[in-house]
Colleague: 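Dropping the structure in here first, questions after.
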Amino acid sequence: MNNDFFYRPIWQQYLISFLLPSIVFFICYQFFIQELKQQTEMQITIYEEKKTTIKLLQSKIERYQSAKNSSLTLLTELEFAKAIKRNQLHLTSFKYEKNESSSYWHIELQGQFINFMQFISELNDNFYYLDFQNFIIDKQDTYLLIKFSILIKRDIK
C-alpha cells in the first residue's frame with residue numbers, strides 16, 4: 001500500500017488529522033441541530049393544538065356549569081317538531097298525557113341511529129330539559145323504530 005500521509009510535513013498531518021474529523025463532526029452536528037429544531041417545532045404545534053383543545057373543553061365546561069346554574073328550557077311541541085324535521089327523522093306516533101304536576105310525551109320515531117343521536121345532541125346543546133323514560137329501539141328492515149317517553153315537569157328546579 002502506497003501511503004504518502006506519513007511522508008508529508010507534520011503540520012499537514014495535524015491539519016488532516018484534526019481538521020477533517022472536526023469538519024465531519026460540525027456537519028453531523030448541524031444535521032443533529034436541524035433535526036432537533038424540526039422536532040421542537042412539531043412539539044410546539046402539538047402543544048398549541050392541545051392547548052386550543054383544552055380551551056375548547058374548558059369553555060364547554062363553563063357553558064355546562066352556567067347552564068346548570070340557570071334554569072333549563074322546557075321543550076315545546078313546535079321546537080320538538082322542528083328538531084325532528086332538521087334531523088331527518090319521521091314521527092310515527094305521539095301521545096300526550098297530563099296530570100297535575102307533570103306531563104308525558106310518548107313518542108315513536110323512525111330513522112337512522114346517527115340521526116337520532118344528532119337529534120338528542122341538538123336538544124342537549126340548546127339546554128332543553130329532557131327526562132327520557134321507557135327507551136326502546138327496534139330494528140326494522142331499513143330503519144330503526146325508536147320509542148321513548150319524555151317526562152316534562154311543570155316546575156323545574
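Reckoned from all heavy atoms, side chains included, excluding hydrogens, waters and symmetry mates.
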Colleague: Less than 4.5 Å apart, any side-chain heavy atom of L144 and any of D138?
Modeller: no

Colleague: Check ring-ring contact (aromatic ring centres under 6.0 Å, His included) between F116 and all other residues, then give those that pass, not counting sequence neighbours.
Modeller: F135, F148

Colleague: Could you state whether L36 and F26 fall into the same hydrophobic cluster, counting links through intermediate Ile, Leu, Val, Met, Phe, Trp or Tyr residues with side-chain heavy atoms under 4.5 angstrom apart?
Modeller: no

Colleague: In Å, rounded to the nearest 0.5 Å, how long is the span from CD1 of I120 to CD1 of I146?
Modeller: 8.5 Å

Colleague: Can you name the closest pair of heavy atoms from Y143 and Q112 and give their distance?
Modeller: CA-NE2, 4.1 Å

Colleague: Drop me the distance from I54's CD1 to I61's CD1, to the nearest 0.5 angstrom.
Modeller: 10.5 Å

Colleague: Checking side-chain contact (heavy atoms from CB on, under 4.5 Å) for the pair E108/L145: CA distance, chi angles, key distance, verdict?
Modeller: CA-CA 7 Å; E108 286 186 20; L145 183 62; 4.1 Å; yes

Colleague: As an exercise, state the distance from NZ of K147 to CD1 of I137, rounded to the nearest 0.5 Å.
Modeller: 12.0 Å

Colleague: Establish whether L19 and I27 are linked, either directly or via other cluster members, by ILVMFWY side-chain heavy-atom contacts under 4.5 Å.
Modeller: yes

Colleague: For the pair Y29 and F32, name the ring-plane relationship: parallel under 30°, tilted 30 to 60°, perpendicular over 60°.
Modeller: tilted

Colleague: So which atom in S149 and which in N134 form the shortest heavy-atom distance, rounded to 0.1 Å?
Modeller: OG-ND2, 3.8 Å

Colleague: So how far is it from I84 CD1 to E79 CD, rounded to the nearest 0.5 Å?
Modeller: 12.5 Å

Colleague: Answer with yes or no whether the hydrophobic clustering places I23 together with W11; edges join I, L, V, M, F, W, Y residues whose side-chain heavy atoms lie under 4.5 Å apart.
Modeller: yes

Colleague: Under the ring-ring contact (aromatic ring centres under 6.0 Å, His included) rule, collect the residues that match up with F113, sequence neighbours excluded.
Modeller: none

Colleague: What distance do E48 atom CD and I46 atom CD1 have between them, rounded to the nearest 0.5 Å?
Modeller: 11.5 Å

Colleague: Kindly give the heavy-atom pair with the smallest separation between F119 and N87, and that separation in Å.
Modeller: CA-ND2, 3.4 Å

Colleague: Determine the minimum heavy-atom distance between L20 and I16, stating which atoms define it.
Modeller: CB-O, 3.2 Å

Colleague: Can you tell me which residue among K85, K82, R86 is in a salt bridge (Lys or Arg N to Asp or Glu O under 4.0 Å) with E122?
Modeller: R86

Colleague: Roughly how far apart are L57 CG and K50 NZ, rounded to 0.5 Å?
Modeller: 11.0 Å

